[in-house]
Visitor: 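Provided herewith is a single structure, encoded as structure tokens, for subsequent inquiry.
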Amino acid sequence: MATRIGCGRNPGVMLWMIMMTLTQVNLCQAKAMLEDHGYKGITVVINRDVPEDKVLLTKLEESLTEASKVLLQTTRGQVYFEEFIIVLPETWTKNPQYGIANNTGDSTEQILISSTKSEYGDAPYVKQPRGCGQPGLFMHLTPSYITDDSISAKWGPRGKTIVHEWAHLRWGIFDEYMTEKRSKNQQEKKSKAKCPRNVKFTKEVVNLGKGVIKTKVFPRNSSSILSIMFTHYAEKVEFCDKSTKEGNVLHNVLASNRQNIHCNKKSAWEVMKEHSDFKEERHPLPFEETRPIQFKYVQVLPRRRVFVLDISGSMTVDHRLTRMRSSVSDMILNMLEVNSTVGIVEFNNLASVRSQCVTIVTKADRKSLITKLPTDAGGGTSIGAGLRLGLEVLHKGMNTPAGGTLVVVSDGEENTAPYVRDILPEIQSKSVVVDTISLTKEASSVMSLMSSSTGGQSFFDSANYNSTALIDSLAAIVTSGGLTHDPRVPLLLHTEAGTVSINSPLTGEFYVDNTLGEDTTVSVSFTSTVNVSLTGPGNLTISRDTHPGLYITEVDNMIMIQLSEVIKNGTWSYRITATQVDSHVVVTVQSRASKDGSDVIQVLSWLPEEHNLDFAPDQKLAIYAEVTRGRSSVLNSQVVAIIERPQSGPLRIDLRDNGVGSDITEDDGIYSAYILAKDLSGDGRYGIKVKVEGVDGLTSVVVGGRGGSSGALEVDTDESIEELVTEELGRFERVRSAGLFAVSGFPSDMTSIPDAIPPSRITDLTVSNDDTKDGAAELEWTSVGGDMDIGTAAKYTFYFITDLDLVDSAGFNDSMWSEVNQTYLRDLRSPQPAGSRERVNISLDLLGDNDTLVLCVRATDDVGNAGELSNIVSVTRVRDPDVVTKVEDAESNTKFYILVTVPLVLAVALLAALITGLVLVGWRSGKLK
């Protein structure tokens, strides 16, 4: 393995040393671990769109080494970076002394270096879909940011910027600066979201020439210590804390920023101390001490997979073997990457090799492989036997099976030795990943264990005739392993299942957008012979009679129609009818990127929480789907999760990107929803399919203006202005499996399940109109539901405090709020359905002149379940016709109000005139004398 030691060295010197032994690094299990003071196993993935560049590696090491020093200093000597695993793309020059990279798409604490365009430009960022204290998705850096000092200087020192983003990624801390989009309240703009609150800033207008004017904002005192989550670029930075003991930076609980909104006024250190990294304080290391960093280099190799397929007796039931054979055939013929390697093993009570590993180069290779798929079933079930033989097939012809994947499909409990428990330790020791697809609820529970313990993925197919989960799962397995799309891999546009007869056809439509079109294939698997016809844009009709050359029928129980020769962007429809007897069919449509794949629309979906749930009435499980074009967010799509449930039919749940409930950030391209206790139907596995559609005239892609959302501020600024620039995207269609979860302990009587789900917390309360001359202020927020973000709440309750020092005190808690009497709330309506905009005018009669009112709100459902208190806002009462000047003393946190009435102004003016007149008279008298 290539190893670099990041110690003191001269800039520009290539610092890597080649160790002459190969050490495997399993990236699927490479979750960053904290050992003593040092983080190990942090993966830095260089995407395949980045050209080979040794300078990039040198600058990357320098940047991460500097970040480690900053991390040690800002965490008070508690933690630093000790080991990074640099994942080089398959497209870079091979080096046998590199380690082998496994599936890199599912490890956490990843840093992604990619050239793919995004709305952030070259700005570093982390997307944080899960809320306070929860890890982000990944840290995104561009090659230009790493290698070009003039570009990175826009955000200040790289080391500080990377630590700022690490706090998002690892500890779930949010930004402490203010975004213009968040702050409609003019009074909040006058009182900046500063951290600490007492820091003073100076504004300076700079003429950059050619008519370009820039306003620079910087601390008045260069020795001021500021929050690294606020102005991270400042000379002295730390993480804010709730108190100032030991010289800590005091958190500003009144600031209108994402940290206060999402973490309920907690400081960065309060959130960090709840993380396992800081629950036990270590003896601090000296800040000035240089800590060595190890850089391990691994490289992505062509994918190696072995299918381990169940042929036990139960696979003859309900056409399971036929459906498995058709789906795997579709995967081999149409989905697997060129130069990937595939082997096939079958098992019942024994295991046998159907095909040793074959590298896919030509179509003939694919066709040869599908002839090796099993055709007969019978006997018992020994999953362990299949695993052991699959491991041997992976190893044959290679120095190591490490980096390979076993894809296991099975429908029953293992009943014959060897068992999974006998083989799993060997699989783990050899760094092999196991992806599993459980067919039917009878499939062994050990299937999910195999995946979770090796870094693989688990999927579930109920084996119902109306389910597409098997092909959806296989497609997800092929497309996993990266944060950006591999253009060699087709995307799944559409899947549908149903039963057809001679007089009852299955009809449907799919849409091919302009980012796709290469190798577009429609596959129809069936249990009895069917006819398939298509109609495309321009009323193009395709059937066996009109286009016999497009139809491929070489696979048993499957028809494939290859549309590459006739494909057009637009809407296509299909019609499927039985020729003799009823037939159960599954329709699959897939297509590759029409260009280099950098701008293809893709969907990633996932379940972040524990997948094995013990039932509870207040159970909720979030499901997420990110929709992007390249790395740019796609907004206003229709996203639906279709959940296969035990003992019940499928359930459809809308996923939204509206900043309500499970979705904490509006318009970030990440759609989410909660699966609640009432959505469950019994013990067992639940499979999830996500379907995404673009809508003409509504769906758009963000092309710029993102600002600092979960990113670092630009140098010489103290807030971020977020004005999204979008362009219309139009219609498209994608399908993606999100995996499975399992439930146990479900009650036998569903009517006994109490309503224990409260409304979601409101996080976007704002003062939309602060013109207080009429003695009122207008508040605005997005409604939540009666059950989190579902349905409608029963009522809103507002709370207030007038003592700012109390809000800012360390002992402040929810019990200190006072309820606003309903008589002070003007035009407060009953709550609207979740996602609606709500407004109310609140009377300020309970305030004296120029007093400040701090407000928050909570929603309650119809059985009394109350949501958490919202974010806080403030408003100050000002009486007309007085002119009020608001002065903020940044050192003492004291606000002074100078009231200047109109009569007083006139009196002062008259007095000044009189004095001037007397002086003039005296002067003239002296002159005459």
Visitor: Would you call Glu165 and Arg158 a salt bridge, taking side-chain N to carboxylate O under 4.0 Å as the test?
Guide: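 A salt bridge is absent here (no side-chain N lies under 4.0 Å from a carboxylate O).
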Visitor: Within the supplied structure, the quantity of interest is the number of heavy atoms (other residues, nucleotides, ligands) at a distance under 6.0 Å from Lys363 NZ; does it exceed 12?
Guide: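 No.
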Visitor: At their closest point, which heavy atom of Ser637 faces which heavy atom of Val634, and how far apart are they?
Guide: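 Minimum heavy-atom separation between Ser637 and Val634: OG-CG1, 3.4 Å.
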Visitor: Do Asp53 and Lys59 sit within salt-bridge range, that is, some charged N less than 4.0 Å from a carboxylate O?
Guide: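 No, this pair does not count.
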Visitor: Do you know which two heavy atoms are closest between Phe295 and Ile86, and how far apart they sit?
Guide: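 Looking at all heavy atoms of both residues, the shortest contact is CD2-CD1, 4.2 Å.
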Visitor: Which residue pairs pass the salt bridge (Lys or Arg N to Asp or Glu O under 4.0 Å) test when at least one of the two sits in residues 134-148, sequence neighbours left out?
Guide: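 Applying salt bridge (Lys or Arg N to Asp or Glu O under 4.0 Å) to every pair that reaches into residues 134-148, excluding sequence neighbours, yields nothing.
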Visitor: Keeping Ser473 on the side-chain end and Ile437 on the backbone end, is there a donor-acceptor pair under 3.5 Å?
Guide: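 Looks like no, no N/O pair under 3.5 Å.
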Visitor: Assign the ring pair Phe278 / Trp171 to parallel, tilted or perpendicular, where the plane angle (0 to 90°) is split at 30° and 60°.
Guide: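 Correct class here is perpendicular.
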Visitor: Between Thr628 and Gly630 (side chain of the first, backbone of the second, donor and acceptor by atom type, cut-off under 3.5 Å), is there such a pair?
Guide: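 Yes; at least one donor-acceptor contact below 3.5 Å.
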Visitor: Treating Asp472 as the side-chain partner and Ser737 as the backbone partner, does any N or O pair qualify as donor plus acceptor under 3.5 Å?
Guide: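 Answer holds: no.
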Visitor: Between OG1 of Thr161 and CH2 of Trp166, what distance do you get to the nearest 0.5 Å?
Guide: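 Between Thr161 OG1 and Trp166 CH2, I get 15.5 Å after rounding to 0.5 Å.
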Visitor: Going by atom types only, do Ser633 and Glu119 share a side-chain donor-acceptor pair under 3.5 Å?
Guide: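 Ser633 vs Glu119: donor-acceptor pair found between side chains.
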Visitor: Determine yes or no for a side-chain-to-main-chain donor-acceptor pair under 3.5 angstrom, with Ser605 supplying the side chain and Ala625 the backbone.
Guide: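 Such a contact is absent between Ser605 side chain and Ala625 backbone.
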Visitor: Would you confirm whether His232, through its side chain, and Lys160, through its main-chain N or O, come within 3.5 Å as a donor-acceptor pair?
Guide: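 Checked: no pair found.
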Visitor: Could you give the distance from CG (Leu516) to CG (Asp513), rounded to the nearest 0.5 Å?
Guide: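 Spacing of CG (Leu516) from CG (Asp513) equals 4.5 Å.
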Visitor: Could you check whether Glu337 pairs with Arg305 (Lys NZ or Arg NE/NH1/NH2 to Asp/Glu carboxylate O, under 4.0 Å)?
Guide: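 A salt bridge is present here (some side-chain N lies under 4.0 Å from a carboxylate O).
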Visitor: Of Asn514, Val627, Leu491, which is the lone residue that meets side chain to side chain contact (heavy atoms under 4.5 Å, CB included) with Phe732?
Guide: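 The option that passes is Val627.
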Visitor: Work out which heavy atom in Met335 is nearest to a heavy atom in Leu492; give both atom names and the distance.
Guide: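 In terms of heavy atoms, the two residues are closest at CE-CD1, 4.3 Å.
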Visitor: If every non-hydrogen atom of Tyr145 is compared with every non-hydrogen atom of Ser152, which pair is closest and at what distance?
Guide: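 Heavy atoms only, the tightest pair is O-CB, 3.3 Å.
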Visitor: Say whether, by atom type as modelled, one donor and one acceptor occur between the side chain of Arg366 and the main chain of Ile332 under 3.5 angstrom.
Guide: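 Yes; judged by distance alone, with no hydrogens or angles, the pair exists.
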Visitor: Who are the salt bridge (Lys or Arg N to Asp or Glu O under 4.0 Å) partners of Glu66, not counting sequence neighbours?
Guide: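 Scan of Glu66 (salt bridge (Lys or Arg N to Asp or Glu O under 4.0 Å), adjacent residues dropped) gives none.
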Visitor: Using every non-hydrogen atom in the two residues, find where Leu607 and Ala622 come nearest and quote the distance to one decimal.
Guide: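 What the structure gives for the nearest pair is CD2-O, 3.6 Å.
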Visitor: Please report the shortest heavy-atom distance between Thr405 and Leu394, naming the atom on each side.
Guide: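 Nearest pair, atom of Thr405 first, then Leu394: N-CD1, 4.0 Å.
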